[in-house]
Amino acid sequence: MKSFYSSLILLLFSFFVQAQNYDRFSTGFSETISSKILGEDREILIHIPNSNGGSKIKDRGRYPVIYLLDGNDNFNSVVSITEHMEETSLAPPMIVVGIVHSNRMSELTTNSDEEFKGFVGKGENFMSFVEKELIPYIDSTYPTTSYKTFIGHSVGGLTVINTLLHKPNLFNSYASLDGALWWNKAKVVEDAKSILANQNYEGKTLYIAMANRLEKGVDTVSVMKDTSGSTDLIRGKLKVYRGT
């Protein structure tokens, strides 16, 4: 399972950095659920494994679930990868749930950042919706197992790390792809210093990816010694990766 998720995330990252707006999905369907927490109806994109007939039938098997942020952009890519890996016996079949955001910056950040004057993220409220409404709905409606993966890119990757730190039992595996850990003066990196050393993460998996951040001739050792703004993005990720 561990080797599978490493392969999966590597493939995902190659797709995410080239994400484009094609038709919303080539397989799967959309649903609208009513959220009392958010005070609005929310659209989600759902893929049931082709081996299950793409249906809700539960007596054919139960499947781990990928919860995907920025589902509007990345749903097709993730579904294609998971289906290909199942067909080639590299992975078990999986359900993919793509979350469509009404305001991604508001939903995928918390507090504020000096670059966004007057803006305050509402990420806690959004994750409350995911935890208390979305996941229970998916589990009660579709043939799921208890194993859940959380994937996000950029500010979505920031949300993934924040969730790992503050809600570590919500998911089994976490994938932060080029996470915007600089947000709010890299508060998530500071939080990690105190939380990672004292929290029990047995059985949890975190994958951190970053691309095209190192200048030619620069390695991670020299980056960690640097204090300039040009390397703060990668320093934050390395600190979390190393447990700060």
Side-chain angles (χ1 to χ4, degrees), residues 5 9 12 28 30-48 56 58 62-75 78 94-111 120-177 179-181 183-184 187-188 191-192 194-196 198-208 240:
Y5 278 108
I9 300 304
L12 287 176
S30 70
E31 284 194 6
T32 300
I33 64 175
S34 180
S35 170
K36 293 182 180 179
I37 292 173
L38 299 178
E40 61 184 9
D41 291 341
R42 296 304 302 263
E43 183 183 17
I44 53 175
L45 310 179
I46 301 170
H47 168 74
I48 308 298
K56 304 177 184 180
K58 298 181 180 181
R62 291 182 176 270
Y63 310 100
V65 185
I66 291 176
Y67 287 87
L68 175 67
L69 299 173
D70 288 317
N72 201 45
D73 292 325
N74 301 316
F75 185 77
V78 174
M94 288 174 287
I95 293 172
V96 179
V97 177
I99 303 172
V100 179
H101 301 286
S102 58
N103 184 327
R104 75 181 296 269
M105 285 300 294
S106 176
E107 293 183 348
L108 300 180
T109 62
T110 59
N111 300 310
V120 179
K122 299 178 180 179
E124 295 98 337
N125 201 41
F126 169 73
M127 285 308 301
S128 181
F129 155 71
V130 171
E131 177 183 10
K132 298 177 181 178
E133 294 180 329
L134 178 58
I135 291 176
Y137 172 77
I138 296 297
D139 284 341
S140 65
T141 308
Y142 296 99
T144 66
T145 68
S146 62
Y147 197 97
K148 297 183 290 293
T149 297
F150 194 31
I151 300 175
H153 175 250
S154 187
V155 286
L158 171 67
T159 297
V160 168
I161 298 295
N162 265 323
T163 305
L164 173 72
L165 295 177
H166 300 290
K167 294 279 187 177
N169 294 321
L170 193 54
F171 299 93
N172 302 88
S173 58
Y174 296 76
S176 174
L177 309 180
L181 307 189
W183 180 264
N184 189 21
K187 184 179 185 301
V188 68
D191 288 347
S194 58
I195 294 174
L196 289 178
N198 298 299
Q199 184 72 260
N200 181 9
Y201 287 99
E202 183 178 358
K204 304 297 177 182
T205 301
L206 169 65
Y207 186 93
I208 297 178
V240 173

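Everything numeric in this text was worked out from a predicted model, so none of it was measured.
- Using modelled atom types, no side-chain atom of K58 and backbone atom of K56 make a donor-acceptor pair closer than 3.5 Å.
- Between K187 and T110 there is no side-chain heavy-atom pair separated by less than 4.5 Å.
- Using cut-offs of 30° and 60° for the angle between ring planes, the F150 and Y174 rings count as perpendicular.
- To the nearest 0.5 Å, atom CD1 of residue I48 and atom CD1 of residue I95 are 4.0 Å apart.
- Side chains of V96 and Y63 form no contact here, defined as non-hydrogen atoms less than 4.5 Å apart.
- If you take CG on D139 and CZ on R62, they are separated by 9.0 Å, rounding to the nearest 0.5 Å.
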Candidate pair T163 and V130, rule side-chain contact (heavy atoms from CB on, under 4.5 Å), full reasoning = CA-CA 11 Å; T163 305; V130 171; over 6 Å; no

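- Between R42 and V100 the shortest heavy-atom distance is NH2-O, 2.7 Å.
- Side-chain atoms of S140 come within 3.5 Å of backbone N or O of Y137 as a donor-acceptor pair.
- Counting heavy atoms from C-beta outward, L170 and I135 have side chains that approach closer than 4.5 Å.
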Decide side-chain contact (heavy atoms from CB on, under 4.5 Å) for K167 and E131; before the verdict, give the C-alpha distance in whole Å, the side-chain angles of both, and the deciding distance to 0.1 Å.
-> CA-CA 9 Å; K167 294 279 187 177; E131 177 183 10; 3.2 Å; yes

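- Judged by distance alone, the side chain of S173 and the main-chain N or O of T205 form no donor-acceptor pair under 3.5 Å.
- Side-chain contact check for L165 versus Q199: every heavy-atom pair is 4.5 Å or farther apart.
- Side chain of E133 to backbone of K36: a donor-acceptor contact under 3.5 angstrom is found.
- K204 places a side-chain N or O within 3.5 Å of a backbone atom of F171 that can act as its donor or acceptor partner.
- Considering only heavy atoms from C-beta on, Y207 stays 4.5 Å or farther from T149 through its side chain.
- We find the CG-CG distance between N200 and N169 to be 8.5 Å, quoted to the nearest 0.5 Å.
- S176 and G157 make their closest contact through OG-O, 3.0 Å (heavy atoms, listed as atom of the first residue, atom of the second, distance).
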Derivation of the side-chain contact (heavy atoms from CB on, under 4.5 Å) call for M105 and W183 | CA-CA 11 Å; M105 285 300 294; W183 180 264; 3.8 Å; yes

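- Two residues are said to be in side-chain contact when any heavy atoms from C-beta on lie closer than 4.5 Å; L134 and Y67 meet this criterion.
- Note: E107 CD to T159 OG1 = 9.5 Å, rounded to the nearest 0.5 Å.
- Formation of a donor-acceptor pair under 3.5 Å by the S128 side chain with backbone atoms of E124 is not found in this model.
- Looking at heavy atoms from C-beta onward, L108 lies in side-chain contact with D70 at the 4.5 angstrom threshold.
- Closest approach of S102 and E40 over heavy atoms only: OG-OE2, 3.3 Å.
- Of all heavy-atom pairs spanning Y201 and L164, the tightest one is OH-O, 3.1 Å.
- The distance from the CG atom of L158 to the CG atom of L181 is 6.0 Å, given to the nearest 0.5 Å.
- Proximity of I151 to L69: side-chain heavy atoms (C-beta onward) are nowhere separated by under 4.5 Å.
- Residue L45 holds its CG atom at 10.5 Å from CG of N74, rounded to the nearest 0.5 Å.
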